[in-house]
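These notes concern the structure reproduced below.
Start at 1 with the first residue, then count along the sequence. Just follow the structure's listing: the first ligand is 1, and inside any ligand the first atom is 1. All values reported here derive from a predicted model rather than from experimental measurement.
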Amino acid sequence: MGILWLNEIGKNDIPLAGGKGANLGELLRNEIPVPNGFVVDSKTFIEFMEATGILYQVNDMLRGLDVEDTENLEKTSKKIREIIESSEIPKVIEEEIRNAYRELCSEEGEEVFVAVRSSATAEDLPEASFAGQQETYLNVRGEDDVVDKVRKCWSSLYTPRAIYYRVQQGFRHDEVSIAVVVQKMVNSEKSGVMFTSHPVTGEKQCIIEAAFGLGEAIVSGAVSPDTYVYDRKSGKLIDVNIAEKKIMITRSEDGETVKVELPPEKAKERVLSDEEIEELVKFAELIENHYGNPQDVEWGIERGKVYILQSRAITTIKERKEEKAVKGDVRILLKGLGASPGIGIGKVKVIESEREISKVEEGDILVTTMTTPDMVPAMKRASAIVTDEGGMTCHAAIVSRELGVPAVVGTKEATKVLKDGMVVTVDGEKGVVYEGAVEVEKREEKVEVQTAGRIITATEVKVNISIPDGAKRAYATGADGVGLFRIEHMVLGLPKHPMKYIRDGEIEEYIQKLYEGMKEVVETFYPKPVWIRTLDAPTDEFRAMEGGENEPIEANPMLGFRGIRRDLIEDIHFRAEIRAIKRLVEEGFTNVGIMIPLVTRVEEVRQAKRIIQEEGLDLSKIEFGVMVETPAAALIIDDIIDVGIDFISFGTNDLTQYTLAIDRNNENVAYMYDETHPAVMKLIEHVINACRKRGVKTSICGQAGSYPHVVEKLVKLGIDSVSANPDAVQMVRETIARVEKKLILNRLRGLDA
Ligand code: PEP
Ligand code: MG
């Protein structure tokens, strides 16, 4: 025992092979060509832990550990992981792993690239329950590296999150184990994705997207793929759309992912032959029949052979049942901004600070002045959130949209009007709080197939993220990537101020935390691009943190010490962020991009790039861009482009406040806040035109990107992508599809757009 080859296992082998291994084996068993590989089974991990004596040491360290004491939890986790990662693996076990890797290589006659993925298992527990807690390493090559990564996967069973989760769920630490999947990576000449059935109508039509080279090109949007629609009932190819595929992404000899330009003839060549399509459809049918529901499948063709790389059920998300007109006479208690749609009914719990979050029980209505990152656990339990302060882009608004919890913000007096124990109904769409449990007219429960998001649009639709916990939900929207990952929400949720970590000589701990949070998002979306925005929080938000006492008191924090200007003064902090990102890139996650906030000067962009290069992060491997969120940046865009950027993203929340002199969080002037004000639109138009001329991608990640009337204008101006809140992705995609069609139609009719 110890090594299980994928073709020897199936769905019943979860306890030994972990969910991932078992599922891949299950596909193989059903004659689906999955790249070959093996699993270092969960017993091997136990053997390693016992033979080295680590198991007893670890059990001692975990006995009686108070997981709510975050600092201690993290210290213990770090110690355990260090012990595991520095321990020799018993020779017999190590030899087994080396032999298996050698055998895998012998099929090719050379050392092969593999992916090494960990997969926790527990009897009677689906692996999904541990989702997101495991490490994955891509493009690993060579025996030593494979052994090292297996050990790293083992140690990931003891991340602080994993330990915390087990305690919360009532598992004993010695009840769980971990298997590691080592699988050949496919270097595809052609690749793509396919829906086994139509993602919107459910008809038996297989929709295939294909491009030359690795799948990254399609998923990252670097290339528009060919699209083929195959009607499975009539057995006919009913639609073929050949795109111009200007580039392909491929893997070089040394494992680097490189972009290659295609000559014009090749670019216009059809990717898939009729035979290849039929081959793919055959597997689509087999997989769908096996799982009993439509699947979203990733595939690749290497040396003429089709490989199935992954298969997931097409995500369907049930809309909340509410969404209806309120019936009868009702009393309105409060009005504010509808910041996150849906209706929540429950008992009010007013909390003054994060110290009181335990008051909020499952299904309660969380009422507070303004939420903070420390309140996120309570926000998750709440059936709705109501705040006194804030606009559409405040913490409560952003996070509740990501969590899918209805929210009304900026009510001015929720904490006074609402009292503990009162039952209320919160309408997060209309921005109203009603007295009592209001009867709502139930519409038929609508099941929304999120991958309806796969309506193919030329303008990409991305999603905004601010808490790593929201990554899975955001991914389920079918978005083409993350257009804004606001890391400050994660940073503000840490036990202490980032500069305190640095002052305390704990920069490595801080980098590790950044890295872990970033990785959760980057891994979930891999290989779709994730633009990580470097830190941007105003001083007033930092002050409440431990070690934040010295934050300068500013009359106007929005115009103060924040964004890139701060990171260039405290460049040690900027370097920490870059080091965390560099670690991800070194692990093979080249789907990260860096985005610099609040740029006002060319020198800031130049300096930021210099520091990134000094840290040894190769900018030719990843995308680098700036936010255009000040009139200054918009007006000097040509000079910024001269410094060398791949993309810009409009931060319309700030661009609007700085152009119109309206504090974005001030309810008193909210009525004048208008992202479509002609002055704002002129700046946007100027920037899009300049970027188009110079081949720089344009995007929007401000709240306005979630509003159809703004999206319509931006698509007409020629924006390349729109990044919206998770709840708005589908609607934005539909808007874009409609506008793009209208543009083509008007062109055909000889009309202006
Ligand atoms: C913006 O300003 O539009 C933006 C997206 O950044 P933030 O809201 O985080 O300032
Ligand atoms: Mg901003």
Side-chain angles (χ1 to χ4, degrees), residues 337 339 370-373 389-402 409-410 462-467 470 474 482-493 530-542 556-567 577 593-600 604 625-634 647-666 670 673-677 680-681 683-684 687 698-707 710-711 714 719 721-726 728 732:
L337 283 171
M370 176 46 58
T371 57
T372 67
E389 297 174 354
M392 288 302 277
T393 60
C394 66
H395 180 269
I398 291 172
V399 175
S400 40
R401 281 193 296 264
E402 276 175 37
V409 302
K462 299 188 179 180
V463 66
N464 291 346
I465 281 198
S466 54
I467 47 169
V482 174
L484 166 67
F485 176 14
R486 289 181 167 99
I487 61 167
E488 56 277 0
H489 290 254
M490 178 174 103
V491 171
L492 290 165
V530 176
W531 289 347
I532 300 177
R533 183 183 63 187
T534 55
L535 196 63
D536 182 16
T539 45
D540 51 336
E541 293 186 14
F542 276 123
N556 219 330
M558 279 292 183
L559 301 178
F561 196 39
R562 59 174 277 218
I564 191 62
R565 60 181 67 161
R566 176 169 191 162
D567 255 3
E577 295 169 86
I594 299 180
M595 183 156 80
I596 306 291
L598 212 73
V599 168
T600 54
E604 290 165 341
V626 301
M627 291 195 66
V628 171
E629 52 182 349
T630 63
F647 66 88
I648 68 97
S649 182
F650 293 108
T652 41
N653 305 335
D654 280 323
L655 188 61
T656 307
Q657 77 165 346
Y658 298 136
T659 307
L660 305 183
I662 291 174
D663 176 347
R664 61 194 251 188
N665 288 332
N666 183 341
Y673 187 88
D674 173 15
E675 292 102 330
T676 58
H677 186 289
V680 181
M681 291 311 297
L683 291 170
I684 291 180
V687 173
T698 54
S699 187
I700 175 175
C701 57
Q703 180 60 23
S706 299
Y707 302 146
V710 184
V711 172
L714 296 174
I719 201 156
S721 65
V722 171
S723 192
N725 309 321
V732 166

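Near M627, meaning under 4.0 Å from any of its heavy atoms, are these atoms of ligand 1: 4 (C), 5 (C), 6 (O). For ligand 1 and R486, the ligand atoms under 4.0 Å from any heavy atom of the residue are 4 (C), 5 (C), 6 (O), 7 (P), 8 (O), 9 (O). Those atoms of ligand 1 with a heavy atom of E629 less than 4.0 angstrom away are 1 (C), 2 (O), 4 (C), 6 (O). In the vicinity of D654, heavy-atom distances shorter than 4.0 Å reach the ligand 1 atoms 1 (C), 2 (O), 3 (O), 10 (O). Per-residue contacts place G702 under 4.0 angstrom from the following atoms of ligand 1 (heavy atoms of the residue considered): 3 (O), 5 (C). Interface of C701 with ligand 1, defined as ligand atoms under 4.0 Å from a residue heavy atom, comprises 5 (C). Each of the atoms 5 (C) of ligand 1 lies under 4.0 Å from some heavy atom of L484.
Between L660 and D674, the closest heavy-atom pair is CD1-O, 3.6 Å. What you find for V722 and G705 is that their closest heavy atoms are CG1-O, 3.3 Å. Across every non-hydrogen atom of M681 and E675, the tightest pair is SD-O, 3.9 Å. Heavy-atom minimum distance, T652 versus A704: OG1-CB, 3.5 Å. For N653 against Y673, the heavy-atom pair with the smallest separation is O-OH, 2.7 Å. Scanning all heavy atoms of the two residues, the minimum distance from V626 to M595 falls at C-CG, 4.3 Å.
The shortest contact between atom 6 (O) of ligand 1 and any protein heavy atom is with R533 NH1, 2.8 Å.
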Could you give me the CA-CA distance, side-chain angles and deciding distance for V680 and L655, then say whether side chain to side chain contact (heavy atoms under 4.5 Å, CB included) is met? CA-CA 7 Å; V680 181; L655 188 61; 4.2 Å; yes
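When each of R486, R401, R533, E402 is paired with S466, the side-chain hydrogen bond (donor to acceptor under 3.5 Å, both in side chains) condition holds for E402 and for no other.
Ligand 1 lies nowhere less than 4.0 angstrom from a heavy atom belonging to Q703. Within the structure, the closest approach of R664 to ligand 1 falls below 4.0 Å when heavy atoms are considered. Contact analysis puts R562 in contact with ligand 1, with a non-hydrogen atom separation below 4.0 angstrom.
Contacts with ligand 1 closer than 4.0 Å are made by no heavy atom of E675, backbone or side chain.
Among the atoms of D654, an N, O or S atom falls under 2.8 Å from the Mg ion (ligand 2).
If you check each of A537, C394, G651, S649 against atom 1 (C) of ligand 1, the one with the closest non-hydrogen atom is G651.
In this structure the side chain of S723 never reaches within 4.5 angstrom of the side chain of V482, judged on heavy atoms.
The N, O or S atom of E629 with the smallest distance to the Mg ion (ligand 2) is OE1.
Atom CE in M627 sits 10.5 Å away from atom CZ in F650 (nearest 0.5 Å).
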